[in-house]
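All residue numbers in this chain count up from 1 along the given sequence.
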Amino acid sequence: AQTFAVTVNQAAAFTNGPPPDTAVVGTAYNFAYTASGFPAPTFSHTGTLPPGLSLSSTGVLSGTPTQTGEYTGIVVTASNGIGTAATQNVSITVHQKPAISSNAAPAGILGIGYSHTFTATGSPAPTFSTTDPLPAGLTLSPAGVLSGTPSAIGTFAGTVTATNVAGTSEQAFNIVINQQPAFTNGPPPASGTVGTDYSFSYAATGSPAPTFALTSGALPAGLSLNSSGVVSGTPTTAGGPFNGTVTASNGIGTAATQDFSITIGKGTATVTLDDMTLTQTYTGTPKSVTASSTPGGLTIDITYNGSASAPTSHGSYTVMAEVNDSNYDGSAAGTMVIRGQSMNDWRAQHFSPAQITVGLADDDVDADGDGSKNLAEYALGTDPWLRDPALLPVLDASGLTLTFTRPKDMPDVIYGAQSTDDLNGWDPLILEVISDGPVQTLRARDPLTSGNPSRRFLQLIFDRSPSPPE
């Protein structure tokens, strides 16, 4: 017996192709050849492939084209050494997507010829179009020329598209058609009043919107013109007429001008007394009221019960504030109350900082040992360092009476009086003011109509105010 092996070969033959005949610069390209044959064929080519493409021995034509053009005369060969190699002719055209390279379309002017050319790279050469509204009077040619004579003002926004077989490129446009300015109202009111708001808004056609400026003369003091055309403010000086010229301009054509003449009459000022200064605390120094005016900055004369001198004593004072100004009249009236000395001021008057720190000025301390604690000394207006005789009630036909004096309107203490016949239950007594003034005289009286009239105790009591005034 004899063993034998027979190898049957096959010549190469393409089973697909040719590859796509178009490519795009910058876009990946890929085609895989297949071919029958034994042994397996390998692939090669003659001629020039588009730059960026290559053919592998396994038949893969791939890469990213880098240059436009028509590439012909390319022959791809599949061979395996058996018979005649297979060939296939290849032609590839490389295109390039459009890219608009021109600047944005500029603004135009109503009634004046306009022309702008859009340009773009790309292969083949792109054409231009838009589906968005163009300014009235303008058209866009396929070659990219936007031209015509604008017949309407406004802002026109949209997109121009450059198109070829490889794709599209877009560029936004925002075309403004301008117009030179012209006033549509004015002049402003010819009269105003000191202290009364004045306002007038100029209006003008034109595109872009005109801005306004005072180009000659002067407005009344207190008024100003902003770039939007608003004359506003509060006149501060009576007189006139104040004459001048306002100009509306937008950089297009000739600016528009308009004259004005305004006379300002005297006004009435509003005077306001400062509530915070109408209630003050006695310190022994003059206490004055402050006042403000609308408009501000006016001289205001203030009197107290008819005197220009600020008072020092506690009590109530009629306050009159009057404007003293050549352009305004105005006044306000009120009442100022100087209340008694605060506990903190009383402490600072009678005790050193060190004594206050160690508690010698506390309410329940008797600094001079006379039996009256600091709160009582404050309430009665006595000196905490001078021993004062004890207050004693007097028995008379009206009952048991305790009379004492105190500074008026002490803000940080509550006064009271009470009596008892057994030192257990105390009954409150009414405090009567029998003499009013900066120093008041008060009386606490038990009529002895109840309890044991032959055994009766009476005392003054002092407590801190729950909400001491500031």
**Message:** One thing to verify: whether D363 and R347 come together as a salt bridge, which I'm taking to mean a side-chain N less than 4.0 angstrom from a carboxylate O.
**Reply:** yes
**Prompt:** Under the 3.5 angstrom rule, does the side chain of S352 hit a backbone N or O of Q355 as a donor-acceptor pair?
**Reply:** yes
**Request:** Determine whether the side chains of E377 and T382 contain a donor N or O and an acceptor N or O closer than 3.5 Å.
**Result:** yes
**Message:** Are more than 12 heavy atoms, taken from residues, nucleotides or ligands other than N226, located less than 6.0 Å from that residue's CG atom?
**Reply:** yes
**Message:** Taking the side chain as everything from C-beta on, heavy atoms only, tell me whether D197 gets closer than 4.5 Å to S232.
**Reply:** no
**Message:** Using modelled atom types and a 3.5 Å cut-off, is there a donor and acceptor pairing between side-chain atoms of S307 and backbone atoms of S309?
**Reply:** yes
**Asked** Counting N and O atoms only, with roles assigned by atom type, does the side chain of Q418 sit under 3.5 Å from a partner on the main chain of W426, one being a donor and the other an acceptor?
**Response** no
**Item:** Side-chain donor/acceptor of N327 to backbone N/O of A238, under 3.5 Å
**Value:** yes
**Ring-ring centroid check Y29 F31, cutoff 6.0 Å** = no
**Message:** Does the plane of the ring in F212 sit parallel, tilted or perpendicular to the ring in F183? Use 30° and 60° as the thresholds.
**Reply:** tilted
**Pairwise side-chain contact, P295 with Y328, heavy-atom cut-off 4.5 Å (strictly under)** = yes
**Asked** Between P126 and T163, is any pair of side-chain heavy atoms under 4.5 Å apart?
**Response** no
**Message:** Regarding Q67 and Q96, do their side chains bring together a donor and an acceptor under 3.5 Å, going by distance alone?
**Reply:** no
Give the table of side-chain donor-acceptor pairs shorter than 3.5 Å for residues 242-249, with sequence neighbours excluded, one pair per line with atom names and distance.
| from | atom 1 | to | atom 2 | distance (Å) |
| --- | --- | --- | --- | --- |
| N243 | OD1 | S261 | OG | 2.7 |
| T245 | OG1 | S216 | OG | 3.0 |
| T245 | OG1 | D259 | OD1 | 2.7 |
| T247 | OG1 | T215 | OG1 | 2.8 |

**Request:** State whether the side chain of Y378 and the backbone N or O of Q341 hold a donor-acceptor pair below 3.5 Å, judged by distance alone.
**Result:** yes
**Fill in**
Of all heavy-atom pairs linking A332 and L273, the shortest is CB-CG, 4.3 Å
**Item:** Heavy-atom side-chain proximity of T299 to V323 below 4.5 angstrom
**Value:** no
**Prompt:** Are any of the side-chain heavy atoms of I338 and P311 separated by less than 4.5 Å?
**Reply:** yes
**Message:** For A203, is there any backbone N or O sitting under 3.5 Å from a side-chain donor or acceptor partner on T184?
**Reply:** yes
**Item:** Backbone N/O of T318 and side chain of N305: donor-acceptor pair under 3.5 Å
**Value:** yes
**Side-chain (T130) to main-chain (T159) donor-acceptor, under 3.5 angstrom** = yes
**Asked** Do R464 and L375 come within less than 4.5 Å of each other through their side chains, counting heavy atoms only?
**Response** yes
Sequence neighbours left out, cut at 3.5 Å: what donor-acceptor pairs do the side chains of residues 106-117 make with other protein atoms?
| from | atom 1 | to | atom 2 | distance (Å) |
| --- | --- | --- | --- | --- |
| Y114 | OH | P106 | O | 2.7 |
| H116 | NE2 | N103 | O | 3.3 |

**Prompt:** Is the centre of the W385 ring less than 6.0 Å from the centre of the F351 ring?
**Reply:** yes
**Message:** Could you check whether any side-chain heavy atom of L140 comes within less than 4.5 Å of a side-chain heavy atom of V145, counting everything from C-beta outward?
**Reply:** no
**Prompt:** Tell me, do N164 and P124 make a side-chain contact under 4.5 Å, heavy atoms counted?
**Reply:** yes
**Message:** Once rounded to the nearest 0.5 Å, what's the spacing between atom CD1 of I430 and atom CZ of R443?
**Reply:** 11.5 Å
**Prompt:** If you measure from the Lys or Arg side-chain nitrogens to the Asp or Glu carboxylate oxygens, is any gap between D436 and K408 under 4.0 Å?
**Reply:** yes
**Prompt:** Would you find a donor on one side and an acceptor on the other, under 3.5 Å apart, between the side chain of N250 and the backbone of Q179?
**Reply:** yes
**Message:** Counting neighbours of CD1 on I434 that are heavy atoms of other residues, nucleotides or ligands and sit closer than 6.0 Å, is the number greater than 12?
**Reply:** yes
**Asked** Can a donor-acceptor pair be found between the side chains of T168 and T161 at a distance below 3.5 Å?
**Response** no
**Asked** Counting N and O atoms only, with roles assigned by atom type, does the side chain of N185 sit under 3.5 Å from a partner on the main chain of S201, one being a donor and the other an acceptor?
**Response** yes
**Message:** Can you confirm if the aromatic rings of F156 and F173 lie within a centre distance of less than 6.0 Å?
**Reply:** no
**Request:** Sorted by first residue and then second, give each side-chain hydrogen bond (donor to acceptor under 3.5 Å, both in side chains) pair with at least one member in residues 387-406; sequence neighbours left out.
**Result:** T401-R445, R406-Q440
